[in-house]
S.K.: 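Take a look at this one; I'll ask things after.
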Amino acid sequence: MPRVSYNVARLKRKRRILGQAKGYFGRRKNLYKTAKEAVERSWRYAYRDRKNRKREFRRLWIARINAAARQHDLSYSRFMNGLKVAGVEVNRKVLADLAITDPNAFGRLAETAKSSLQ
């Protein structure tokens with residue numbers, strides 16, 4: 001039975017890791033072991049931060065909605081509750097965008113929320 005060589009597969013694996021480490025500083029870009037550690041760490045950070053990005057954007061949208069709602073004498077929670085009672089189904093991303101780009105439309109939504117709370 002012929003001897004099996006894993007040379008091609010090993011080199012392909014190394015080339016893939018070193019390609020992913022391209023742009024890293026110092027030995028992390030050209031020594032396989034340190035490059036592998038750095039790349040695997042970067043994968044962990046990327047996985048974690050894909051989740052964190054969703055949280056951070058939601059926090060940003062809520063802060064923007066709160067700031068705009070307070071200009072209309074409403075707190076964030078009262079504003080959102082008023083919209084819910086009024087049956088307005090607009091998500092936070094769109095509300096935050098309205099608060100910045102179209103304050104008049106946001107003001108009309110604030111009036112709707114206020115009137116539905118009374």
Side-chain angles (χ1 to χ4, degrees):
M1 205 164 170
R3 185 175 64 88
V4 177
S5 166
Y6 293 101
N7 195 29
V8 176
R10 187 183 73 227
L11 289 177
K12 186 177 180 184
R13 202 163 35 243
K14 278 186 170 185
R15 197 166 45 246
R16 194 183 77 220
I17 292 292
L18 290 172
Q20 293 233 310
K22 194 170 184 165
Y24 286 10
F25 188 78
R27 293 179 172 198
R28 307 173 115 205
K29 72 173 170 272
N30 49 20
L31 291 186
Y32 177 69
K33 184 179 177 182
T34 52
K36 186 169 188 282
E37 290 168 357
V39 166
E40 286 177 352
R41 183 175 299 116
S42 73
W43 288 340
R44 282 197 302 272
Y45 286 143
Y47 177 81
R48 179 197 69 189
D49 291 338
R50 280 195 298 273
K51 314 296 180 223
N52 286 351
R53 184 181 350 158
K54 294 166 182 60
R55 293 177 214 160
E56 288 171 9
F57 269 108
R58 185 180 169 98
R59 285 178 60 192
L60 175 67
W61 297 332
I62 288 172
R64 287 177 175 173
I65 294 167
N66 188 25
R70 288 188 184 276
Q71 291 178 342
H72 297 280
D73 301 322
L74 282 169
S75 67
Y76 169 78
S77 60
R78 287 181 51 78
F79 174 71
M80 293 304 282
N81 186 37
L83 289 181
K84 189 174 184 180
V85 169
V88 177
E89 293 184 18
V90 183
N91 64 17
R92 287 166 180 82
K93 181 179 180 179
V94 172
L95 284 172
D97 187 50
L98 277 178
I100 292 171
T101 59
D102 193 359
N104 293 332
F106 190 86
R108 288 195 296 277
L109 284 173
E111 292 305 318
T112 305
K114 270 186 194 177
S115 64
S116 67
L117 286 173
Q118 312 251 327

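Worth knowing before you read on, the calculation uses all heavy atoms, side chains too, and leaves out hydrogens, waters and symmetry mates.
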S.K.: Evaluate Arg44 against Arg41 for side chain to side chain contact (heavy atoms under 4.5 Å, CB included), listing each step before the verdict.
M.R.: CA-CA 5 Å; Arg44 282 197 302 272; Arg41 183 175 299 116; 3.8 Å; yes
S.K.: State whether the number of non-hydrogen atoms from other residues, nucleotides or ligands found under 6.0 Å of Arg48 atom CZ is greater than 12.
M.R.: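 Yes - once you tally the heavy atoms of other residues, nucleotides and ligands closer than 6.0 Å, there are more than 12.
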S.K.: Is there a continuous path of hydrophobic side-chain contacts, each under 4.5 Å between heavy atoms, that joins Trp61 to Val90?
M.R.: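 Each belongs to a different hydrophobic cluster.
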S.K.: Please check: side-chain N/O of Lys54 versus main-chain N/O of Arg50, any donor-acceptor pairing under 3.5 Å?
M.R.: yes
S.K.: Run the salt bridge (Lys or Arg N to Asp or Glu O under 4.0 Å) test against Glu40 and tell me which residues pass, sequence neighbours left out.
M.R.: Lys36
S.K.: Looking at residues at least two apart in the chain, or sitting in another chain, which of them share a side-chain hydrogen bond (donor to acceptor under 3.5 Å, both in side chains) with Ser75?
M.R.: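 Ser75 satisfies side-chain hydrogen bond (donor to acceptor under 3.5 Å, both in side chains) with Ser77 only.
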S.K.: Closest approach of Val85 and Ser116, non-hydrogen atoms and distance?
M.R.: CG1-O, 3.7 Å
S.K.: Any idea which heavy atoms bring Ala99 and Pro103 closest together, and the distance?
M.R.: O-CG, 4.3 Å
S.K.: Look up atom CG in Asn104 and atom CG in Leu98, then write down how far apart they are to the nearest 0.5 Å.
M.R.: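 It is 10.5 Å, given to the nearest 0.5 Å.
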S.K.: Show me the pairs that pass side chain to side chain donor-acceptor pair (under 3.5 Å) and involve residues 83-97, at least two apart or across chains.
M.R.: Tyr76-Arg92
S.K.: For the residue pair Ala113 and Phe79, what are the closest heavy atoms and their distance?
M.R.: CB-O, 3.7 Å
S.K.: Is the shortest heavy-atom distance from the side chain of Leu83 to the side chain of Leu109 under 4.5 Å?
M.R.: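 Yes, close enough: below the 4.5 Å cut-off.
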S.K.: To the closest 0.5 Å, what do you measure between CG (Leu95) and CD1 (Ile62)?
M.R.: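 Going from CG on Leu95 over to CD1 on Ile62, the span is 10.5 Å.
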S.K.: Report whether Ile100 and Val94 are members of the same hydrophobic cluster (ILVMFWY, side-chain heavy atoms less than 4.5 Å apart, transitive linking).
M.R.: no
S.K.: Could you give the distance from NE2 (His72) to CZ (Arg78), rounded to the nearest 0.5 Å?
M.R.: 15.0 Å
S.K.: Quick check on the hydrophobic clustering: are Ile65 and Phe57 connected, directly or via other members, by side-chain heavy-atom contacts under 4.5 Å?
M.R.: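 Ile65 does not cluster with Phe57.
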S.K.: Using the test side-chain hydrogen bond (donor to acceptor under 3.5 Å, both in side chains), find all partners of Asp49 that sit at least two apart in sequence or belong to another chain.
M.R.: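 By the side-chain hydrogen bond (donor to acceptor under 3.5 Å, both in side chains) rule, Asp49 matches Asn52.
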S.K.: Tell me which pairs pass side chain to side chain donor-acceptor pair (under 3.5 Å) where either residue lies in residues 4-16, with sequence neighbours left out.
M.R.: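 Residue pairs passing side chain to side chain donor-acceptor pair (under 3.5 Å), neighbours aside: Asn7-Arg10.
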S.K.: Would you tabulate the side-chain donor-acceptor contacts of residues 18-33 under 3.5 Å, counting partners in other chains and residues two or more places apart, or write 'none'?
M.R.:
{"unit_1": "Gln20", "atom_1": "OE1", "unit_2": "Trp43", "atom_2": "NE1", "d": "2.9"}
{"unit_1": "Tyr24", "atom_1": "OH", "unit_2": "Ser42", "atom_2": "OG", "d": "3.4"}

S.K.: Look up atom CG in Asn66 and atom CE in Met80, then write down how far apart they are to the nearest 0.5 Å.
M.R.: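 Those atoms lie 11.0 Å apart.
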S.K.: Is Val8 reachable from Leu11 through a run of hydrophobic residues whose side-chain heavy atoms are each under 4.5 Å from the next?
M.R.: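 Hydrophobic grouping puts Leu11 apart from Val8.
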